[in-house]
Amino acid sequence: MNILLAEDDPHVSMIMILCLEKMGGHTVTLAEDGQAAFDAGVAAPYDLIILDGMMPKKPGVQVAKELRDAGCTTPIIYLSAKNVEAEYMNLASGYIAKPFEPTEICARIDAILGRGARVG
């Protein structure tokens, strides 16, 4: 899966990339702020977009709304330490709370997207 990860914390993004690429076999593109996430999301096709809730320039929920307004239908998962407002959940396929267990991140993403757990 080709994944866009929007995360401004370098430690969290490193853990996510390791989990997704090494354990999940995915290809990850990193956007370090909300504007970069929006720009990447409309410029190239992704199988999944993971948006941090709190980022510089634009929060994840604003990025999700703008992506949807631009016609993007890619599944979106919020990644945040704060509760996501219910009004924005209609823009997303799911939510992953921080802190998360690194060994469970791929299974959690698969569960949110309805794909079941990975084998191996």
Side-chain angles (χ1 to χ4, degrees):
M1 200 178 324
N2 190 18
I3 299 174
L4 172 61
L5 171 63
E7 172 61 61
D8 62 312
D9 183 317
H11 296 102
V12 173
S13 61
M14 179 184 69
I15 292 168
M16 288 291 294
I17 290 169
L18 284 172
C19 291
L20 294 168
E21 290 184 345
K22 303 297 183 201
M23 296 165 54
H26 304 294
T27 301
V28 179
T29 300
L30 177 63
E32 295 179 347
D33 63 56
Q35 184 62 53
F38 174 78
D39 293 343
V42 296
Y46 291 93
D47 299 306
L48 175 65
I49 299 172
I50 301 173
L51 297 174
D52 181 23
M54 301 291 290
M55 292 183 288
K57 299 187 181 177
K58 291 182 186 186
V61 292
Q62 182 180 349
V63 174
K65 182 173 181 348
E66 290 178 8
L67 285 170
R68 294 297 186 236
D69 289 347
C72 177
T73 59
T74 302
I76 294 173
I77 295 175
Y78 293 121
L79 175 68
S80 184
K82 297 186 179 208
N83 288 334
V84 175
E85 295 179 32
E87 67 185 276
Y88 293 108
M89 284 310 296
N90 64 342
L91 301 171
S93 299
Y95 171 74
I96 297 173
K98 293 179 187 176
F100 55 84
E101 179 61 42
T103 57
E104 295 178 11
I105 198 71
C106 289
R108 180 79 175 114
I109 288 170
D110 285 343
I112 288 170
L113 296 178
R115 297 184 177 167
R118 292 187 180 280
V119 177

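Being a predicted model, the structure only gives us computed values, none of them experimental. Along the sequence shown, the residues carry numbers beginning at 1. These values consider heavy atoms only, across backbone and side chains, with no hydrogens, waters or symmetry-generated copies.
Scanning all heavy atoms of the two residues, the minimum distance from Pro75 to Ser93 falls at CB-OG, 3.5 Å. In terms of heavy-atom proximity, Ser80 sits nearest to Asp52 at CA-OD1, 4.2 Å. Considering all non-hydrogen atoms of both residues, Cys19 and Pro102 come closest at SG-O, 3.1 Å. Shortest non-hydrogen contact noted between Leu79 and Val12 is CD2-CG1, 4.2 Å. For Tyr78 against Ala64, the heavy-atom pair with the smallest separation is OH-CB, 3.4 Å. The two residues Ala36 and Glu32 make their nearest non-hydrogen contact at CB-N, 4.4 Å.
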Exercise for review: Just do the side chain to side chain contact (heavy atoms under 4.5 Å, CB included) check on Ile76 and Leu91 with the steps written out, would you?
Suggested key: CA-CA 7 Å; Ile76 294 173; Leu91 301 171; 5.6 Å; no

Exercise for review: Please test Phe100 against Met16 for side chain to side chain contact (heavy atoms under 4.5 Å, CB included), starting from the C-alpha separation and ending with a verdict.
Suggested key: CA-CA 10 Å; Phe100 55 84; Met16 288 291 294; 3.4 Å; yes

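For the pair Ile77/Arg108, no side-chain contact is recorded, criterion being any heavy-atom separation below 4.5 Å from C-beta on. Contact of the Met1 side chain with the Leu20 side chain is not registered, since no non-hydrogen atoms from C-beta on lie closer than 4.5 Å. The shortest side-chain heavy-atom distance between Val63 and Ile49 does not fall under the 4.5 Å cut-off. By the 4.5 Å heavy-atom criterion applied to side chains, Ile109 and Leu48 are counted as neighbours. Val42 places a side-chain heavy atom less than 4.5 Å from the side chain of Leu67.
Shown here are the side chain to side chain donor-acceptor pair (under 3.5 Å) partners of Glu66, two or more places apart in sequence or in another chain: Lys58, Gln62.
Annotation for Lys57: atom NZ does not count as buried by contact number, only 12 or fewer foreign heavy atoms lying within 6.0 Å.
Expressed to the nearest 0.5 Å, how far CD1 of Ile17 lies from CD1 of Ile3 amounts to 10.5 Å. Rounding to the nearest 0.5 Å places CG of Asp8 at 8.5 Å from CG of Asp33. Here CD of Glu7 is found 10.5 Å from CG of Leu51. Values are rounded to the nearest 0.5 Å.
For the pair Asp47 (side chain) and Asn2 (backbone), a donor-acceptor distance under 3.5 Å is present. Between the side chain of Tyr46 and the backbone N or O of Leu5, no donor-acceptor pair lies under 3.5 Å.
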